[in-house]
*Asks:* 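To start, I am sharing the structure in question, which I have written as structure tokens.
On a predicted model such as this, the values are computed, not experimentally measured, just so you know.
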Amino acid sequence: MAQDNFSVNKQRIIGQIHYRPTLTSFEAVSKTAKELEEKFQDWIAPKPDSVTLYSANDKKYVEVTADTITYVKEGTQDLSELKEFIEKLYKKVTEESGVVEIRRIGFRKTQILDTSFSFNDLVDLLYKKLYSNSTEINRISGEEIRDMQFVLDSVKNTFLNHVQIGPLKKTEIPNYFSTKFVSRDDMTEVLPDQALFVDIDVSLKDALTTENALEKLAAIIEENERIGSDYLEYLQS
Amino acid sequence: MIIWNIYKVNMASQLITKQQDVTTLDVSKLGIKGEPEYTNSGIVQKPEETLLTQSIGVKTQEVPEDLVISPTFSGSYIAHHTSILVENVISQLAEWQESKTEDSLIFISNIKSVLEENYNYLRERSENRIFLAYLETIFSDQNWEYLKSDQIGFIKNQLKRFKEGEVNYTELREFSKQLYTQKLGIDKSSKYESKEAKEEK
């Protein structure tokens, strides 16, 4: 019985494939990035083995280095584009740069969620839902719960996951969502008085091959989405 | 738990004695011995004893201080918990109606748990506190055992109306009195039996 007490104010998605570099992959960074040049407004190359294609208007960028392919987007998420862009660059890297060892694949979603609940309501809700032994905690040190944060590092369905959930006051939001596209002063104008912070990072490090990497990326994204929606449903039930 | 029970008793007695935004209190129907001290202008009346308090063994008392509550939670948060309570109680009642015997205590236990979990949220608003007290009265002291099938339907309907802001407190008060009369009555056959249990006889 899910309710709609939370809505997305800000969010960021990050998809990444990390592989063992080769000399060719080091040399071919710009050539690899060129595959997507036309999809972005501009590019920047701070060093020879790092090229970033970015579109400030769309708040997204793709970074290619000797050992990583990373897609980042803020605002509305576009998982299809994430998969499409990473796949294109990945195939270039594996086919032409001799990459054979995949070290890590991950997908992270960070959200600031609007809510009509006050900050105290959020603290009360999260504490009751996410701290299992609140009675004992109350006895020891928690007569009045003023703030809390939930952090969990675990394994589920063979995926590694790192979950962070907590209530935020307006002044805290920039510390938890450091946008790469708007200045800090601009951010304070659109921030809610309080919000729910949800940060979920799902990854795999083992049993990765060049053949299964893209399939694993899709599965990781799906697992991340499931964890996020399940937590929200649980908090609202 | 003891403190909660005393509070529950106080709330139950307040149902009969304390009128806030509800209709006129008919003293004669309640069988109150003493003269009401005030007119029905929203001021608490002080009977010596009522039917409910007689059986519970606790006399009507002054409004406890903890009933005067400073707002802790926002309106939307209270609405959120109210909605959870209503949906849960309705679904548990529906399950209980479908069960084979009147001894399906798990559903009653679940209802009591839901009432207790959401107690702190609902008690912040006067209309919620009154409604919560009615439910607590019905689902305590085995009062629920005397509910007939149509009466369960009445409770479910009142829950839905409460959620929509249209609950009728007069009807609820009369219902509580009726239920209590059933429980005190000599006729034990008024005890609830599911449809299936009756068919098996």
*Asks:* To the nearest 0.5 Å, what is the distance between CG on A:Asn5 and OH on B:Tyr77?
*Replies:*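 Those atoms lie 10.0 Å apart.
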*Asks:* Does A:Glu143, at its CD atom, have more than 12 non-hydrogen atoms belonging to other residues, nucleotides or ligands within less than 6.0 Å?
*Replies:*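 Atom CD in A:Glu143 is not packed in, count stays at 12 or less.
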*Asks:* Which pairs, with at least one residue in residues 121-136 of chain A and sequence neighbours excluded, count as a salt bridge (charged side-chain N to carboxylate O under 4.0 Å, His left out)?
*Replies:*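 Only A:Asp124-A:Lys128, A:Glu136-A:Arg139 qualify under salt bridge (charged side-chain N to carboxylate O under 4.0 Å, His left out).
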*Asks:* Do other residues, nucleotides or ligands put more than 12 heavy atoms under 6.0 Å from A:Asp206 CG?
*Replies:*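 Incorrect, the count does not exceed 12.
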*Asks:* To check you understand the geometry: which heavy-atom pair defines the closest contact between B:His80 and A:Gln236, and what is its length?
*Replies:*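 Scanning both residues, the minimum pair turns out to be CE1-O, 3.3 Å.
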*Asks:* Using non-hydrogen atoms and a 4.5 Å limit, figure out which bit of A:Leu125 sits close to chain B: side chain, backbone, both or neither.
*Replies:*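 A:Leu125 touches chain B through backbone and side-chain heavy atoms alike.
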*Asks:* Restricting to side chain to side chain donor-acceptor pair (under 3.5 Å), what partner residues turn up for A:Gln111, sequence neighbours left out?
*Replies:*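 For A:Gln111 the side chain to side chain donor-acceptor pair (under 3.5 Å) partners, ignoring immediate neighbours, are A:Gln11.
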*Asks:* Compare all side-chain heavy atoms of A:Phe117 with those of B:Ser76 and state whether any distance is below 4.5 angstrom.
*Replies:*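 Counting from C-beta outward, A:Phe117 and B:Ser76 do come under 4.5 Å.
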*Asks:* Would you find more than 12 non-hydrogen atoms of other residues, nucleotides or ligands less than 6.0 Å from A:Glu222 atom CD?
*Replies:*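 Open: at most 12 neighbouring heavy atoms sit under 6.0 Å from CD of A:Glu222.
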*Asks:* Give me the atom names and distance for the closest heavy-atom approach of B:Ser74 to A:Ser116.
*Replies:*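 Closest approach of B:Ser74 to A:Ser116: OG-O, 4.0 Å.
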